[in-house]
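Counting from 1, the numbers follow the sequence of the chain as shown.
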Amino acid sequence: MKLEILNEEDDVLEAQLSNANPAVANALRRSMMTKVPTLAIKELHINQNESGLFDEVLANRMGQIPLTIPQNIDEDDTVHIAVQQEGETAVHASDIQAGNDEAEPVNPDALIVELKEGQELTLEGEAELNTGDEHAKHQGGTIGYQKTDDGQFVFRIESTSGYTNKELLQQSIQEIKDELDEFEEAVAEL
């Protein structure tokens, strides 16, 4: 089996998997989408929302903003976040203040809501590490592949998480290796 990077253009990485079968290709795709931990907002407390959006819609938008992952964060840690804006302004992901300086919105230009004159938005919450198999907001990215020849698959990888495309691919391979090790240990105990 061989994995080769073909090119990376417009934030999309193309990689070719050779000498593999569809089960392996699909396992790699699913691992990138659902097994790699990402950081996203888990809980949100909206203290003041005078915008035109219902609280539920605002919470949904906030939950869809992926954050970069701090180096020394454990799977049980959370990162406190807060937003406080008032007056006529557009509130973007870059307006999120995080309790950990390394946790930043992946796309700081993402629009959360527009406030009009005299309106105020104040909220705070917690972001957590989790995986795409727990909630779609933790998916590592948009991943697809095409079978191009017998045993050959070309992947199209677009990370939407705090990882680069290559990091997402590497992390997913590590997750598969870890699960195979656990499986091997479980079989050895039989």
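- Residue Met62 holds its CE atom at 12.5 Å from CG of Asp55, rounded to the nearest 0.5 Å.
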Yes or no on side-chain hydrogen bond (donor to acceptor under 3.5 Å, both in side chains) for Glu8 and Asn165, after CA distance, side-chain angles and deciding distance?
CA-CA 9 Å; Glu8 187 165 16; Asn165 293 322; 2.9 Å; yes

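- Between the side chain of Lys137 and the backbone N or O of Ile41 there is at least one donor-acceptor pair closer than 3.5 Å.
- Proximity of a side-chain donor or acceptor of Ser31 to a complementary backbone N or O of Ala27 within less than 3.5 Å is not detected.
- In this structure, the side chains of Gln71 and Glu102 come closer than 4.5 Å at one or more pairs of heavy atoms.
- Inter-residue side-chain proximity for Ile96 and Ile112 is flagged as met; some heavy-atom pair is nearer than 4.5 Å.
- The two residues Val106 and Thr68 have their closest heavy-atom pair at CG2-N, 4.1 Å.
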Name every donor-acceptor pair, under 3.5 Å, that has one atom in a side chain of residues 174-185 and the other anywhere in the protein, sequence neighbours excluded.
| from | atom 1 | to | atom 2 | distance (Å) |
| --- | --- | --- | --- | --- |
| Gln174 | NE2 | Asp178 | OD1 | 2.9 |

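- For the residue pair Leu28 and Ser172, the shortest heavy atom distance occurs at CD1-OG, 3.6 Å.
- The side-chain heavy atoms of His138 and Glu128, taken from C-beta on, include a pair separated by under 4.5 Å.
- Linking Ile, Leu, Val, Met, Phe, Trp and Tyr residues whenever their side-chain heavy atoms come within less than 4.5 Å leaves Leu111 and Leu67 in two separate clusters.
- No donor-acceptor pair closer than 3.5 Å links the side chain of Gln48 to the backbone N or O of Glu120.
- Val154 belongs to a hydrophobic cluster with Leu6, counting contacts under 4.5 Å between side-chain heavy atoms of Ile, Leu, Val, Met, Phe, Trp and Tyr, direct or through other members.
- The local environment of CD in Glu9 is sparse, with at most 12 non-hydrogen atoms from other residues, nucleotides or ligands closer than 6.0 Å.
- Connection of Val12 to Ile5 is not established within any shared hydrophobic cluster, with ILVMFWY side chains joined at heavy-atom distances below 4.5 Å, either directly or through further cluster members.
- Between Leu169 and Ile157 the shortest side-chain heavy-atom distance falls below 4.5 Å.
- Not a single donor-acceptor pair under 3.5 Å links the side chain of Asn49 to the backbone N or O of Leu121.
- The two residues Ile65 and Arg61 have their closest heavy-atom pair at CG1-O, 3.4 Å.
- The backbone N or O of Lys116 lies less than 3.5 Å from a partner atom in the side chain of Gln119, making a donor-acceptor pair.
- Here the side chain of Asp74 pairs no donor or acceptor atom with the backbone of Asp77 at under 3.5 angstrom.
- Distance check, rounded to the nearest 0.5 Å: OG1 of Thr78 to CG of Asn100 gives 10.5 Å.
- Using cut-offs of 30° and 60° on the angle between ring planes, the pair Tyr145 and Phe153 is perpendicular.
- Atom CG of Asn7 sits in a crowded spot, with more than 12 heavy atoms from other residues, nucleotides or ligands closer than 6.0 Å.
- Counting all heavy atoms, side chain and backbone alike, Gly141 lies closest to Leu168 at N-CD2, 4.2 Å.
- Annotation: the span from Gln84 atom CD to Asp95 atom CG amounts to 11.5 Å, rounded to 0.5 Å.
- Summarising the geometry, atom CD belonging to Gln16 is positioned 9.0 Å from atom CG belonging to Leu3; distances are rounded to the nearest 0.5 Å.
- Here the closest non-hydrogen pair linking Ala103 and Leu39 is CB-CD2, 4.0 Å.
- Looking only at atom types and distance, the side chain of Thr148 has a donor-acceptor partner in the side chain of Gln152 under 3.5 Å away.
- The line from NZ of Lys166 to CG of Leu13 is 6.5 Å long, rounded to the nearest 0.5 Å.
- Inter-residue side-chain proximity for Glu126 and His80 is flagged as met; some heavy-atom pair is nearer than 4.5 Å.
- For Ser161 (side chain) and Thr38 (main-chain N/O), no donor-acceptor pair under 3.5 Å exists by modelled atom type.
- By the neighbour-count criterion of 12 heavy atoms within 6.0 Å, atom CG of Asp11 is sparsely surrounded, having that number or fewer from other residues, nucleotides or ligands.
- Listed here is the closest heavy atom pair of Ala93 and Pro105: O-CG, 3.0 Å.
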